[in-house]
Amino acid sequence: MRSGEELDGFEGEASSTSMISGASSPYQPTTEPVSQRRGLAGLRCDPDYLRGALGCLKVAQVILALIAFVCIETIMECSPCEGLYFFEFVSCSAFVVTGVLLILFSLNLHLRIPQINWNLTDLVNTGLSTFFFFIASIVLAALNHKTGAEIAAVIFGFLATAVYAVNTFLAVQKWRVSVHQQSASDYIRARTESRDVDGRPEIQHLDT
(Lines give C-alpha, C1' and ligand atoms only; values in the text may rest on other atoms or scores of the structure.)
Protein backbone atom coordinates (compact mmCIF):
# COMPACT_ATOMS: atom_id res chain seq x y z
CA MET A 1 0.00 0.00 0.00
CA ARG A 2 1.35 3.38 -1.03
CA SER A 3 1.95 6.06 1.51
CA GLY A 4 0.47 9.58 1.28
CA GLU A 5 3.72 11.13 0.08
CA GLU A 6 4.06 8.53 -2.67
CA LEU A 7 0.47 9.19 -3.78
CA ASP A 8 1.09 12.91 -3.82
CA GLY A 9 4.21 12.45 -5.89
CA PHE A 10 2.38 10.16 -8.30
CA GLU A 11 -0.44 12.67 -8.78
CA GLY A 12 2.07 15.47 -9.30
CA GLU A 13 3.89 13.49 -11.94
CA ALA A 14 0.58 12.63 -13.65
CA SER A 15 -0.57 16.20 -13.67
CA SER A 16 2.76 17.48 -15.01
CA THR A 17 2.78 14.74 -17.64
CA SER A 18 -0.74 15.68 -18.75
CA MET A 19 0.24 19.36 -18.93
CA ILE A 20 3.30 18.56 -21.04
CA SER A 21 1.33 16.28 -23.36
CA GLY A 22 -1.40 18.87 -23.64
CA ALA A 23 1.09 21.60 -24.46
CA SER A 24 2.75 19.46 -27.14
CA SER A 25 -0.54 18.27 -28.65
CA PRO A 26 -1.30 19.78 -32.04
CA TYR A 27 -5.03 19.69 -31.31
CA GLN A 28 -5.21 22.73 -29.10
CA PRO A 29 -8.47 24.56 -28.42
CA THR A 30 -8.57 27.87 -30.17
CA THR A 31 -10.20 31.09 -29.15
CA GLU A 32 -10.05 32.70 -32.57
CA PRO A 33 -13.45 33.86 -33.82
CA VAL A 34 -14.97 31.82 -36.60
CA SER A 35 -16.06 34.00 -39.46
CA GLN A 36 -19.54 33.24 -40.71
CA ARG A 37 -20.58 34.01 -44.23
CA ARG A 38 -23.87 35.74 -44.52
CA GLY A 39 -25.98 35.73 -47.64
CA LEU A 40 -26.53 39.50 -47.76
CA ALA A 41 -23.20 40.52 -46.23
CA GLY A 42 -21.09 42.99 -48.12
CA LEU A 43 -23.93 44.69 -49.99
CA ARG A 44 -22.89 48.06 -51.33
CA CYS A 45 -24.63 50.57 -53.49
CA ASP A 46 -23.02 51.06 -56.90
CA PRO A 47 -22.81 54.85 -57.40
CA ASP A 48 -21.36 54.45 -60.89
CA TYR A 49 -24.52 52.68 -62.05
CA LEU A 50 -26.81 55.26 -60.46
CA ARG A 51 -24.83 58.09 -62.03
CA GLY A 52 -24.82 56.41 -65.43
CA ALA A 53 -27.44 56.73 -68.15
CA LEU A 54 -29.17 53.44 -67.43
CA GLY A 55 -29.29 54.09 -63.70
CA CYS A 56 -30.75 57.58 -64.12
CA LEU A 57 -33.33 56.23 -66.56
CA LYS A 58 -34.31 53.48 -64.12
CA VAL A 59 -34.80 55.99 -61.31
CA ALA A 60 -36.89 58.22 -63.59
CA GLN A 61 -39.01 55.26 -64.68
CA VAL A 62 -39.76 54.26 -61.10
CA ILE A 63 -40.71 57.82 -60.15
CA LEU A 64 -42.89 58.42 -63.22
CA ALA A 65 -44.65 55.07 -62.92
CA LEU A 66 -45.33 55.73 -59.24
CA ILE A 67 -46.72 59.22 -59.90
CA ALA A 68 -48.92 57.90 -62.72
CA PHE A 69 -50.23 55.14 -60.46
CA VAL A 70 -50.97 57.61 -57.64
CA CYS A 71 -52.80 59.92 -60.05
CA ILE A 72 -54.98 57.13 -61.37
CA GLU A 73 -55.75 55.95 -57.85
CA THR A 74 -57.18 59.34 -56.91
CA ILE A 75 -59.96 59.02 -59.50
CA MET A 76 -63.15 58.08 -57.67
CA GLU A 77 -65.64 57.89 -60.58
CA CYS A 78 -65.27 56.50 -64.07
CA SER A 79 -67.53 55.48 -66.92
CA PRO A 80 -66.37 53.43 -68.74
CA CYS A 81 -63.64 52.14 -66.40
CA GLU A 82 -61.77 49.72 -68.66
CA GLY A 83 -59.17 52.28 -69.71
CA LEU A 84 -58.61 53.36 -66.12
CA TYR A 85 -58.17 49.78 -64.91
CA PHE A 86 -55.76 49.00 -67.74
CA PHE A 87 -53.68 52.10 -67.01
CA GLU A 88 -53.67 51.21 -63.31
CA PHE A 89 -52.41 47.70 -64.02
CA VAL A 90 -49.69 48.92 -66.41
CA SER A 91 -48.38 51.64 -64.10
CA CYS A 92 -48.37 49.37 -61.03
CA SER A 93 -46.65 46.50 -62.87
CA ALA A 94 -44.02 48.81 -64.37
CA PHE A 95 -43.32 50.35 -60.98
CA VAL A 96 -42.86 46.99 -59.25
CA VAL A 97 -40.78 45.25 -61.94
CA THR A 98 -38.58 48.25 -62.68
CA GLY A 99 -38.12 48.91 -58.96
CA VAL A 100 -36.91 45.35 -58.42
CA LEU A 101 -34.48 45.62 -61.33
CA LEU A 102 -33.21 48.94 -60.00
CA ILE A 103 -32.46 47.37 -56.61
CA LEU A 104 -30.72 44.38 -58.22
CA PHE A 105 -28.55 46.51 -60.50
CA SER A 106 -27.71 49.24 -57.98
CA LEU A 107 -26.63 46.69 -55.35
CA ASN A 108 -24.94 44.36 -57.90
CA LEU A 109 -27.17 41.52 -56.74
CA HIS A 110 -27.61 40.41 -60.35
CA LEU A 111 -23.95 39.35 -60.38
CA ARG A 112 -24.80 36.63 -57.85
CA ILE A 113 -27.24 35.04 -60.33
CA PRO A 114 -25.17 34.68 -63.53
CA GLN A 115 -27.56 32.04 -64.90
CA ILE A 116 -29.98 34.81 -65.96
CA ASN A 117 -29.24 37.00 -68.97
CA TRP A 118 -29.86 40.33 -67.27
CA ASN A 119 -29.25 42.42 -70.40
CA LEU A 120 -32.01 40.54 -72.20
CA THR A 121 -34.24 40.73 -69.12
CA ASP A 122 -33.86 44.49 -68.94
CA LEU A 123 -34.50 44.78 -72.68
CA VAL A 124 -37.72 42.76 -72.44
CA ASN A 125 -38.95 44.79 -69.46
CA THR A 126 -38.27 48.17 -71.04
CA GLY A 127 -39.72 47.11 -74.40
CA LEU A 128 -42.95 45.78 -72.93
CA SER A 129 -43.29 48.76 -70.58
CA THR A 130 -42.86 51.17 -73.50
CA PHE A 131 -45.54 49.43 -75.54
CA PHE A 132 -48.10 49.01 -72.78
CA PHE A 133 -47.58 52.49 -71.30
CA PHE A 134 -48.11 53.98 -74.76
CA ILE A 135 -51.31 52.01 -75.37
CA ALA A 136 -52.64 52.67 -71.86
CA SER A 137 -51.97 56.41 -72.15
CA ILE A 138 -53.75 56.63 -75.51
CA VAL A 139 -56.76 54.70 -74.21
CA LEU A 140 -56.98 56.81 -71.06
CA ALA A 141 -56.64 60.02 -73.07
CA ALA A 142 -59.50 58.93 -75.36
CA LEU A 143 -61.84 57.84 -72.55
CA ASN A 144 -61.08 60.38 -69.82
CA HIS A 145 -63.52 63.01 -68.56
CA LYS A 146 -60.88 65.76 -68.53
CA THR A 147 -60.51 65.81 -64.78
CA GLY A 148 -57.26 66.99 -63.25
CA ALA A 149 -56.22 63.53 -62.06
CA GLU A 150 -56.90 61.92 -65.43
CA ILE A 151 -55.02 64.59 -67.34
CA ALA A 152 -52.06 64.28 -64.96
CA ALA A 153 -52.08 60.50 -65.31
CA VAL A 154 -52.05 60.78 -69.11
CA ILE A 155 -49.16 63.27 -69.04
CA PHE A 156 -47.04 61.14 -66.73
CA GLY A 157 -47.98 58.07 -68.75
CA PHE A 158 -46.57 59.59 -71.94
CA LEU A 159 -43.48 60.81 -70.08
CA ALA A 160 -42.92 57.27 -68.76
CA THR A 161 -43.37 55.98 -72.31
CA ALA A 162 -40.64 58.31 -73.59
CA VAL A 163 -38.21 57.37 -70.81
CA TYR A 164 -38.84 53.65 -71.32
CA ALA A 165 -38.32 54.09 -75.08
CA VAL A 166 -34.91 55.69 -74.55
CA ASN A 167 -33.97 52.92 -72.13
CA THR A 168 -35.10 50.32 -74.68
CA PHE A 169 -32.79 51.84 -77.29
CA LEU A 170 -29.82 51.74 -74.89
CA ALA A 171 -30.72 48.23 -73.73
CA VAL A 172 -30.72 47.00 -77.34
CA GLN A 173 -27.24 48.41 -77.88
CA LYS A 174 -25.97 46.88 -74.64
CA TRP A 175 -27.50 43.50 -75.51
CA ARG A 176 -25.85 43.55 -78.97
CA VAL A 177 -22.47 44.31 -77.40
CA SER A 178 -22.88 41.44 -74.92
CA VAL A 179 -23.84 39.03 -77.72
CA HIS A 180 -20.82 40.14 -79.79
CA GLN A 181 -18.49 39.66 -76.82
CA GLN A 182 -19.95 36.22 -76.11
CA SER A 183 -19.50 35.10 -79.73
CA ALA A 184 -15.93 36.45 -79.73
CA SER A 185 -15.08 34.58 -76.54
CA ASP A 186 -16.58 31.36 -77.97
CA TYR A 187 -14.50 31.78 -81.13
CA ILE A 188 -11.30 32.31 -79.14
CA ARG A 189 -12.07 29.28 -76.99
CA ALA A 190 -12.68 27.12 -80.07
CA ARG A 191 -9.42 28.28 -81.68
CA THR A 192 -7.52 27.53 -78.47
CA GLU A 193 -8.96 24.03 -78.25
CA SER A 194 -8.15 23.35 -81.90
CA ARG A 195 -4.54 24.46 -81.38
CA ASP A 196 -4.25 22.19 -78.38
CA VAL A 197 -5.44 19.26 -80.48
CA ASP A 198 -3.02 20.12 -83.32
CA GLY A 199 -0.11 20.26 -80.88
CA ARG A 200 -0.83 16.79 -79.49
CA PRO A 201 -0.35 14.17 -82.25
CA GLU A 202 -1.28 11.33 -79.93
CA ILE A 203 -4.84 12.67 -79.82
CA GLN A 204 -4.93 12.74 -83.61
CA HIS A 205 -3.64 9.21 -83.71
CA LEU A 206 -6.37 8.03 -81.37
CA ASP A 207 -8.99 9.85 -83.40
CA THR A 208 -7.88 8.15 -86.61
Completion exercise
Distance col, row Ile63:CD1 vs Phe156:CZ, nearest 0.5 angstrom, shows 10.5 Å
Practice task
Take Phe87 and Val139, measure what side-chain contact (heavy atoms from CB on, under 4.5 Å) needs, and give me the verdict at the end.
Solution key: CA-CA 8 Å; Phe87 189 92; Val139 172; over 6 Å; no
Problem - Contacts of Leu54 that satisfy side chain to side chain contact (heavy atoms under 4.5 Å, CB included) - sequence neighbours left out - result: Tyr49, Asn167, Leu170, Lys174
Problem - Short side-chain to backbone donor-acceptor contact, Thr126 and Leu123, under 3.5 Å - result: yes
Practice task
Answer with yes or no whether the hydrophobic clustering places Leu109 together with Ile113; edges join I, L, V, M, F, W, Y residues whose side-chain heavy atoms lie under 4.5 Å apart.
Solution key: yes
Practice task
Output, in order, the C-alpha distance, side-chain angles, deciding distance and verdict of side-chain contact (heavy atoms from CB on, under 4.5 Å) for Ser91 and Phe95.
Solution key: CA-CA 6 Å; Ser91 58; Phe95 169 72; over 6 Å; no
Problem - Distance in Å, Leu84 CG paired with Phe89 CZ, rounded so as to fall on 0.5 Å steps - result: 14.5 Å
Exercise for the section: Can you run down the disulfide bond (SG atoms under 2.5 Å apart) pairs that involve residues 79-123, sequence neighbours left out, and say none if there aren't any? Expected result: Cys78-Cys81
Practice task
Look at the side chain of Trp118 and the backbone N and O of His110, then say whether any donor-acceptor pair between them is shorter than 3.5 Å.
Solution key: yes
Problem - Pair listing, salt bridge (charged side-chain N to carboxylate O under 4.0 Å, His left out) test, anchored in residues 50-62, at least two apart - result: Asp48-Arg51, Lys58-Asp122
Handout entry: From CA spacing to verdict: side-chain contact (heavy atoms from CB on, under 4.5 Å), Leu50, Cys56
Key = CA-CA 6 Å; Leu50 295 177; Cys56 293; over 6 Å; no
Problem - Value rounded to 0.5 Å, distance of CZ in Phe86 from CG in Leu143 - result: 12.0 Å
Handout entry: Asp46 side chain reached by Ser106 side chain, heavy atoms, under 4.5 Å
Key = no
Exercise for the section: Scan residues 132-163 for pairs that pass disulfide bond (SG atoms under 2.5 Å apart), counting only residues two or more places apart or in two chains. Expected result: none
Handout entry: Heavy-atom donor-acceptor pair, Asn108 side chain to Leu111 backbone, under 3.5 Å
Key = no
Report, one line per pair, each donor and acceptor closer than 3.5 Å where one atom sits in a side chain of residues 157-166; sequence neighbours left out.
unit_1: Thr161; atom_1: OG1; unit_2: Phe134; atom_2: N; d: 3.3
unit_1: Thr161; atom_1: OG1; unit_2: Gly157; atom_2: O; d: 2.8
unit_1: Tyr164; atom_1: OH; unit_2: Thr98; atom_2: OG1; d: 2.6

Practice task
Any salt bridge (charged side-chain N to carboxylate O under 4.0 Å, His left out) involving residues 89-110? Give me the pairs, sequence neighbours left out, ordered by first then second residue.
Solution key: none
Practice task
Look at the side-chain heavy atoms of Ile, Leu, Val, Met, Phe, Trp and Tyr, link any pair under 4.5 Å apart, and say whether Ile116 and Leu107 land in one connected group.
Solution key: yes
Handout entry: Beyond-backbone contact of Glu150 with Ile75, side-chain heavy atoms, under 4.5 angstrom
Key = yes
Practice task
Measure the CD1-CG distance between Ile155 and Leu140 for me, rounded to the nearest 0.5 Å.
Solution key: 11.0 Å
Fill in the blank from the handout: Shortest non-hydrogen pair, Ala68 vs Ala153, comes out as O-CB, 4.3 Å
Practice task
Take Val70 and Ile67 through the side-chain contact (heavy atoms from CB on, under 4.5 Å) test and state the conclusion after the steps.
Solution key: CA-CA 5 Å; Val70 172; Ile67 295 176; 5.7 Å; no
Fill in the blank from the handout: In this structure, CG of Leu101 is separated from CD of Gln61 (nearest 0.5 Å) by 9.5 Å
